[in-house]
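These notes are about the structure you will find just below.
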Amino acid sequence: MRAKPVSILEGDTFVVSDRRGDISISPEEAEGLFQGDTRFLSRWVLTVNGALPNPLSTDDVNYFSSQFFLVPGTGTIYVDSPMSIVRQRAVGGGFHEDLKVTNHKATALDLDIRVEADADFADLFQVKDAEFERAGKFYKRVDGNRLVLGYQREKFVRETWITSSAPAEIDEKGFRFRVHLEPHGQWHTGLDVLAAVDGTEGTKTKPKYKDVHDTPTPYIGMSLKSWMARAPHLHASWTDFEKIYERSLVDLAALRFFSPYTPGEALPAAGLPWFMALFGRDSIFTSFQALPFVPDLASTTLRVLAMRQGTRRDDFRDEEPGKILHEVRLGEMTAFEERPHSPYFGTSDATPLFLVLMDEFERWSGGKELVTKFEAEARAALQWIDEYGDRDGDGYVEYERRNKGAGSIENQCWKDSWDSIVFSDGKLAKAPIATCEIQGYVYDAKRRCARLAREFWGDSDLANRLEKGAAELKQKFNRDFWIPEKQFFALALDGQKRKVDSLTSNVGHLLWSGIVDEDKAQACARHLVGPRLFSGWGVRTMADDEAGYNPIGYHVGTVWPFDNSMVALGLRNYGFKKEAAQVALANLEAAKYFQYRLPEAFAGYSRAETDFPVEYPTACSPQAWSAGAPLLFLRTLLGLEPVGNRLLVDPAVPKQIEWIELLGIPGRWGHADAFARGQVDL
Amino acid sequence: MSTAHEVFQLHKFQEFEPLLRGVSGTYLFEIERVGYWFISVREGAIRMEEVRHDADCTIGCDEPDFIDIIEGRRNLITGAMQGRVKIRGDITLAQKFHGLVSAMIETKRREAA
């Protein structure tokens with residue numbers, strides 16, 4: 001089994017290497033230096049006297065830097081290595097690597113040190129699908145003390161520039177250093193690898209942080225230290241909770257990136273390595289989860305999504321007026337329209353969720369300006385829901401992709417894999433599909449926008465219409481989606497308006513949205529923490545007795561921490577405090593087994609079968625909305641809700657956590673503190 | 001095939017274009033080896049001059065690419081990603097550019113009718 005790779009990132013630049021710091025193309029791991037969805041370095045291999053050194057120890061110092069301690073192999077454990085090699089790497093617009101070699105012997109050493117470099121400039125889509133046919137031409141040249149690796153297709157040009165601070169013999173394959181080390185002497189070089197020509201205006205000549213700090217530090221709007229200092233401080237009797245919380249905040253900091261639409265302000269990318277890009281749904285959910293902790297993410301997310309809102313009907317991009325985007329990519333395949341991500345609008349939930357976040361942002365922050373500024377965009381989103389989202393006028397938002405080509409998405413909901421919307425007997429649902437949770441989001445969006453219309457847009461007619469529409473939707477939904485004999489809501493209505501009758505975690509999202517009639521909520525809660533859905537580590541995406549269930553199926557049996565965080569809040573909103581605490585605690589306990597970092601998803605095996613949560617093979621980590629999940633669990637456990645200009649604290653903490661204090665919760669009240677004692681018996 | 005001059009002469013904008021409601025700003029089109037056109041948009045009202053002025057958003061490309069964009073055969077955003085189009089300044093305005101293009105196409109359609 002291959003050792004886990006080492007990943008460091010800053011913004012949309014990230015480096016994935018093996019445990020010795022090398023980068024090479026392999027079918028198992030997507031190694032490389034990536035920026036703007038392009039691999040700017042696909043080979044970076046250090047050899048000493050023709051051999052690969054062995055890793056002793058590797059540290060992710062923090063999210064943007066790592067160090068590798070290496071020794072040359074001696075062939076036997078009985079002979080100590082005569083020297084040590086240290087690689088220290090920091091990412092930012094490329095990366096900077098300090099390479100140090102120390103002679104531990106009392107005699108001199110002569111070394112032949114090589115660093116081989118190459119770049120395939122592959123689009124991340126090609127890396128993911130292992131497709132390497134290229135339409136452009138590669139070139140390499142040595143410009144003085146710089147190795148240039150390049151790729152050109154028509155006017156599309158990408159270049160990697162590599163320089164060394166120590167003198168080197170440079171050829172098109174890399175750098176060679178002939179080093180003479182005196183007894184106990186040390187040799188050093190600093191290597192700068194730049195994504196120099198990356199498709200933006202101008203050319204970079206040095207890493208972002210070079211000459212700014214002695215120790216390479218990312219040039220990001222807010223440093224990690226001040227980011228952490230601004231967030232509320234958590235103290236808990238269960239110290240693992242503190243570690244999980246800190247890990248979440250650090251990961252959210254790591255996943256921040258800057259959009260040219262909002263210079264200097266960050267928003268969350270979805271996840272490493274495949275989703276270091278703007279995703280409408282992911283950014284909205286993450287911002288929602290993080291609102292009581294780091295509220296700036298929400299305002300930037302709302303502004304960027306508003307500015308890039310759909311304005312026309314475009315079948316290739318699945319764009320419609322008022323629709324909120326799904327995904328933005330910057331690589332070659334997108335540039336040449338071999339993929340529709342410029343941006344791609346293949347999502348039906350981001351638009352109502354955008355409205356939900358807009359209202360939630362105002363409730364927490366009191367940020368009237370944003371709500372007023374984007375009134376036109378909010379109205380356009382509401383119009384999209386009724387005109388385009390509801391394709392057939394039946395009152396429900398349903399989806400069917402218009403672009404069926406490569407890169408398009410069949411299921412345009414959060415469970416967006418091809419097999420996620422499935423009947424209880426295992427048959428796939430056919431489009432157009434109206435998933436249940438999207439109707440819940442629409443209901444919530446309309447109710448929330450009614451408040452915004454009344455309080456900020458001065459349009460009580462609109463408010464009345466929205467409230468009436470929401471009430472009608474709720475009544476109709478509880479009739480059409482409810483399966484009386486099974487006592488839960490259908491996952492979806494298919495193209496023939498048949499109920500897709502698998503039991504799924506989606507019912508938890510319905511609780512969160514408020515669309516569930518009171519007399520049906522108890523049954524939903526019972527299912528969510530019952531043995532079919534609840535694994536002991538969390539709520540599965542699909543019940544374990546459904547034909548479509550697979551404990552390691554992406555959306556059909558795994559446990560998603562983000563999903564669970566919404567489920568827990570939904571349970572809590574309907575008064576199921578104990579059940580909410582149960583879901584939250586199970587996930588938080590699982591986090592301990594993932595070095596305090598909840599992954600995108602983990603397997604749905606029962607806790608009775610496994611003493612630890614089992615990894616899902618290709619889960620992204622860190623993943624933004626998984627990093628946000630512990631924050632939302634914390635909000636749920638503490639019962640944090642804005643009420644006017646005050647923060648309501650109504651804790652329901654399990655007894656396993658003796659006490660919690662969360663200090664400095666930002667909001668329209670300034671800063672507030674919350675204290676809780678564990679009193680809930682699970 | 002049209003030239004940039006013909007395109008700009010042909011599209012006599014109406015005083016107010018509903019597709020550009022909510023958009024305010026100035027564009028400068030730099031068409032390589034052809035010339036400069038300055039377009040001002042104020043809440044949907046459009047004014048155009050064949051002159052070089054500082055603008056909130058500058059869009060530069062060669063003439064064939066410009067014609068392709070204006071006539072809807074090429075997308076501005078992917079054109080920029082391909083290196084065919086250079087966008088400087090307020091990228092939000094560039095994003096709204098297709099509203100301007102739609103206005104131009106609509107004007108052309110009306111005139112043809």
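Below, chain A is the first sequence line, B the second, and so on; all start at residue 1.
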| field | Expected output: side-chain A/Thr351 to main-chain A/Ala381 donor-acceptor under 3.5 Å | value | no
| Expected output: side-chain B/Asp56 to main-chain B/Thr26 donor-acceptor under 3.5 Å | yes
| Between A/Ser408 and A/Asn403, is there a donor-acceptor pair closer than 3.5 Å when you use the side chain of the first and the backbone of the second? | yes
| said: Under a 3.5 Å distance rule, please check whether A/Tyr344 uses its side chain to pair with a backbone N or O of A/Ile409 as donor and acceptor. | reply: yes
| task | Evaluate salt bridge (Lys or Arg N to Asp or Glu O under 4.0 Å) for B/Asp62 paired with A/Lys155, printing each intermediate quantity in order. | result | CA-CA 12 Å; B/Asp62 65 21; A/Lys155 292 181 180 177; 3.1 Å; yes
| query | Does a salt bridge link A/Asp120 with A/Arg39, judged by any charged N lying under 4.0 Å from a carboxylate O? | reply | yes
| chain A contacts: which residues in residues 82-91 of chain B have a non-hydrogen atom closer than 4.5 Å to it? | B/Gln82, B/Gly83, B/Arg84, B/Lys86, B/Ile87, B/Arg88, B/Ile91
| message | Applying a heavy-atom distance below 4.5 Å, give me the residues of residues 324-342 of chain A that approach chain B, sorted by number. | response | A/Arg329, A/Leu330, A/Gly331, A/Thr334, A/Ala335, A/Phe336, A/Glu337, A/Ser342
| query | Do any N or O atoms from the side chain of A/Lys128 and from the backbone of A/Trp274 form a donor-acceptor pair under 3.5 angstrom? | reply | no
| message | Under a 3.5 Å distance rule, please check whether A/Gln309 uses its side chain to pair with a backbone N or O of A/Gly322 as donor and acceptor. | response | yes
| message | So does A/Pro321 get a backbone contact from the side chain of A/Tyr388, meaning a donor-acceptor N/O pair under 3.5 Å? | response | no
